[in-house]
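Beneath this line is the structure, given in structure tokens, with notes to follow.
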There are 2 protein chains.
Amino acid sequence: MATIRDVAKAARVSTATVSAVVNDTAFVSPELRARVQAAIRELRYSPSLVARNLRRGRSQLIALAVADLANPFYARLVASAEAAVAGWGYSLVLFNSDEKPELERRILSRIRTLGCDGAVVVPVGAANQYRQREFADLPTVLLGRALEGDPADTVTVDNLSAGRQAGNFLLDLGHTRIGSITGPMQVSTGKGRLEGLLEAMAARGLAPQPGHVRSGEFREDAAYSVARDMMGQPDRPTALYIANGMMAIGAMRALSDMGLRCPEDVSIASTDTISGAGGMRPRLTRTEHPVADMTDTALRMLVERIDNKVSDAPRHLVFQPALVVGESCAPISR
Amino acid sequence: MATIRDVAKAARVSTATVSAVVNDTAFVSPELRARVQAAIRELRYSPSLVARNLRRGRSQLIALAVADLANPFYARLVASAEAAVAGWGYSLVLFNSDEKPELERRILSRIRTLGCDGAVVVPVGAANQYRQREFADLPTVLLGRALEGDPADTVTVDNLSAGRQAGNFLLDLGHTRIGSITGPMQVSTGKGRLEGLLEAMAARGLAPQPGHVRSGEFREDAAYSVARDMMGQPDRPTALYIANGMMAIGAMRALSDMGLRCPEDVSIASTDTISGAGGMRPRLTRTEHPVADMTDTALRMLVERIDNKVSDAPRHLVFQPALVVGESCAPISR
DNA sequence: CAGACTTAGCGAAACGATTAGCTATGGTGG
DNA sequence: CCACCATAGCTAATCGTTTCGCTAAGTCTG
């Protein structure tokens, strides 16, 4: 690879002049400018970002660490992030922490070492106080999940509202015996969505029957068996709120295996984070995370941090999920 | 951030010694080693990869440029690639050429500038001879699609075999009136798969009837209408080979809207590259690309190139798709 | 005990860019 | 006609590492 010195020699100018031409940072006479550009083309010179970044102290790299790349939800997030990052003139370095806190820690350390200008992190686990101690100087935006006490900016989604919106939709259709297949209660996405549903029902003086709220662990197979079980009871719910798309697929399959039709026999509403349910008929009625918006926002916040355009106090943004109506819900009519 | 000089000063040794300790590249007496390590911990020193890479002339970065990040197929590819790259001790820089040759070119130029040690590229468009001229020195593996005359290594999949395998499976079930919804004929994935099917049928002295081979443009909605049309005819096929998963979803929906059952009335086999059909029932019988294997292989080939472990002649690997049997095909029995 | 070997650790020169500060040139005003 | 000024372009320091070549102290050998 040609260096700036080769170009300087070929154009019979100094490296400073070449630099000035390349970066358009000082006036260079048309004549020299032309010579330099010719030499650049001739030698196929392309400035080394490594050297430039060493000197400038920035890397033009933004890191994204997601919790589980195999999950289509994060895949979509990655796609949005790539576009946003490129739009700001950075490049995206991608990491997968695979839900392992220890790996996340190593990734952060690598991000720091690589000299990335900032990081967007979908944090895993709960107890990563080390972020505060060791990585406080790395501009960071936490995406999807807030960690209390963490000094980073956060962009999250209102899970409570997701459950509430789905619940209200079912209630408005006249359902009163509403069940739910939830996520694990120890994670905020699992807990918040159920609480939203309960809140919506409580506002109308209702509550689910015992046994009509069960955890499907955010997994398709678990949801399948929970659904079979719950819907096999004589007093089965007329509508279900299912806390993610994966589980909705499992529940749908269970219904169809039991000879129950959706939406005629059972209405299903869900909060679809994964969008793996694209090919499913009937299409799910669901609340969706505004992934693209959230990602764009996270990156804007990050770039502002990097550019020091912003006060030190961490900012916390909460996005509202949107209700998308499919064909999986019907008014109660019997 | 602390530098190696700060550490050296704190430990009262030279920077060379610190470097030796950090990289374990020369013997250092236990005593000094301990002092250095203490200083490192004390100052939270983390060597700057930027500086190291400038000096070493490598970046520990591998670039991946895919043709369309929004496509779940590439999302899966990205996930595999991240894992493989991390396994080799590199980090992954991700780009999306969005099917635009001009953008791909800019991306390659950026990859070079960033100093990436190598690149895995899913090439878009056909006429990118510039790769040979301008980027011949960048170790590259082309993934998914070969470009004739390109000096890069390639890892591709045997589309002909995909069509042949699916065809033979249907033929073995006794089907003779087999139709196909194909991709566009101008791209190798579209053309190859159909040719494979035709070959399998020809080997048994069969050929599709006119009107039983139509293009669905690799799009769900186009496939829906093509399927409705084709299956509305009196002499409709008893089995369909559908050239990708997206179109299979559309065709399934068409069948169900027409009151035709799968597999009882029509058998469907597909080549599923996108795996968006995960939630579908019946599960598709399909040939699948061994994405993970292909990606792993591409990265191994790339790393070998980077390490110069390999002769100059480009290597071309062709993977075989695998037939995955679902419930969407039945023996012909009427 | 002197000379030849080892070897732990050091000093300083790279790597390839940016950029502060300087030089030399030519134009202008008094 | 001289002093001065503006400014195009150059020289060299710098960013934080790695690493080559060297020094000096210690160990052997005859």
Side-chain angles (χ1 to χ4, degrees), chain A residues 1-40 43-61 109-117 137, chain B residues 1-40 43-61 89 109-117 137-138:
Chain A
M1 279 288 302
T3 77
I4 199 172
R5 258 182 280 270
D6 302 329
V7 175
K9 193 176 299 175
R12 283 161 297 140
V13 299
S14 75
T15 62
T17 305
V18 178
S19 179
V21 170
V22 169
N23 300 296
D24 202 21
T25 164
F27 183 86
V28 176
S29 67
E31 186 194 332
L32 283 202
R33 170 178 299 270
R35 280 217 317 260
V36 168
Q37 279 163 342
I40 287 177
L43 298 172
R44 269 180 209 143
Y45 166 71
S46 153
S48 151
L49 266 203
V50 179
R52 172 179 292 175
N53 290 333
L54 172 59
R55 177 62 223 234
R56 290 206 180 141
R58 17 180 54 237
S59 65
Q60 311 223 59
L61 258 26
S109 154
R110 169 113 191 155
I111 289 173
R112 147 84 80 58
T113 302
L114 269 175
C116 292
D117 295 335
D137 54 340
Chain B
M1 280 290 300
T3 77
I4 200 174
R5 257 183 280 268
D6 301 329
V7 175
K9 193 174 300 173
R12 283 160 298 140
V13 299
S14 75
T15 62
T17 305
V18 177
S19 179
V21 169
V22 169
N23 301 297
D24 202 21
T25 163
F27 183 86
V28 176
S29 68
E31 185 194 331
L32 283 202
R33 171 178 298 272
R35 277 211 326 251
V36 168
Q37 279 164 340
I40 287 176
L43 297 172
R44 267 180 210 145
Y45 166 71
S46 153
S48 151
L49 265 203
V50 179
R52 170 179 294 174
N53 290 334
L54 172 59
R55 177 62 224 234
R56 289 205 181 142
R58 16 181 55 237
S59 65
Q60 312 225 57
L61 257 27
S109 154
R110 169 112 191 155
I111 289 173
R112 148 86 81 57
T113 301
L114 271 175
C116 293
D117 295 335
D137 55 339
L138 176 73

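Every chain is numbered from 1 and lettered A, B, ... according to where its sequence line falls, protein lines coming before strand lines.
Proximity of B:V36 to B:V28: side-chain heavy atoms (C-beta onward) are nowhere separated by under 4.5 Å. A 4.5 Å side-chain heavy-atom check between B:R110 and A:L49 finds at least one atom pair inside the cut-off.
Within 4.0 Å (heavy atoms only), A:V22 reaches no atom of the nucleic acid at all. The residue A:V28 sits close only to the backbone: its heavy atoms come under 4.0 Å of sugar-phosphate atoms, none of a base. Nucleic acid contact for B:V50: none, since no nucleic acid atom lies under 4.0 Å from a heavy atom of the residue. No engagement by A:T25 is indicated, since no non-hydrogen atom pair under 4.0 Å with the nucleic acid exists.
Distance B:F27 CZ to C:dA8 P: 6 Å, rounded to the nearest Å. Atom CZ in A:R112 sits roughly 14 Å away from atom P in D:dG16 (whole-Å rounding). Between A:I40 atom CD1 and C:dA17 atom P the separation is 10 Å, expressed in whole Å. Rounding to whole angstrom units, NZ of residue A:K9 and P of C:dA17 are separated by 13 Å. Summarising the geometry, the separation between CG on B:L49 and P on D:dT17 is reported as 10 Å, rounded to the nearest angstrom. One can place CZ of A:R55 at 17 Å from P of C:dC15, the figure rounded to the nearest angstrom. Distance B:I4 CD1 to C:dA12 P: 16 Å, rounded to the nearest Å. As rounded to whole Å, 13 Å separates atom C1' of C:dG16 from atom CZ of A:R56.
Taken to the nearest 0.5 Å, the OG1 atom of A:T3 stands 8.0 Å off from the NZ atom of A:K9.
Here B:S29 reaches the OP1 or OP2 of C:dG9: one of its side-chain N or O atoms lies under 4.0 Å away. Phosphate proximity of C:dC10 to B:S14: present, with a side-chain N or O under 4.0 Å from OP1 or OP2. Remark: B:S19 is not in phosphate contact with D:dT17, judged by side-chain N or O atoms under 4.0 Å from OP1 or OP2. Dashed line: the shortest gap from a side-chain N or O of A:T17 to OP1 or OP2 of D:dA8 is not under 4.0 Å. Within the structure, every side-chain polar atom (N or O) of A:T15 is placed at least 4.0 Å from both OP1 and OP2 of C:dT18. When the side-chain nitrogen and oxygen atoms of A:N23 are compared with OP1 and OP2 of C:dT18, one or more of them lie within a distance under 4.0 Å.
A donor-acceptor contact under 3.5 angstrom links the side-chain atoms of A:R5 to the base of C:dG16.
Both key distances under 3.5 Å define a Watson-Crick or G-U pair, and stretches of 3 or more such consecutive pairs in DNA chain C run C:1-30 with D:1-30.
Between the side chain of A:S59 and the backbone N or O of A:N53, no donor-acceptor pair lies under 3.5 Å. Not one N or O on the side chain of A:D117 forms a donor-acceptor pair closer than 3.5 Å with the backbone of A:R58. In terms of modelled atom types and a separation under 3.5 Å, the side chain of B:T113 and the main chain of B:S109 share a donor-acceptor contact.
Under 4.0 Å is where a charged nitrogen must lie from a carboxylate oxygen, and between A:R44 and A:D6 no such pair does.
Scanning both residues, A:S19 and A:T25, for their nearest heavy atoms gives O-CG2, 4.0 Å.
Among the nucleotides D:dC15, D:dT17, C:dT19, the one closest to any side-chain atom of B:R52 is D:dT17.
Remark on DNA chain C: of its neighbouring residues B:L32 and B:A51, the 5'-side contact belongs to B:L32, judged by nearest-heavy-atom nucleotide.
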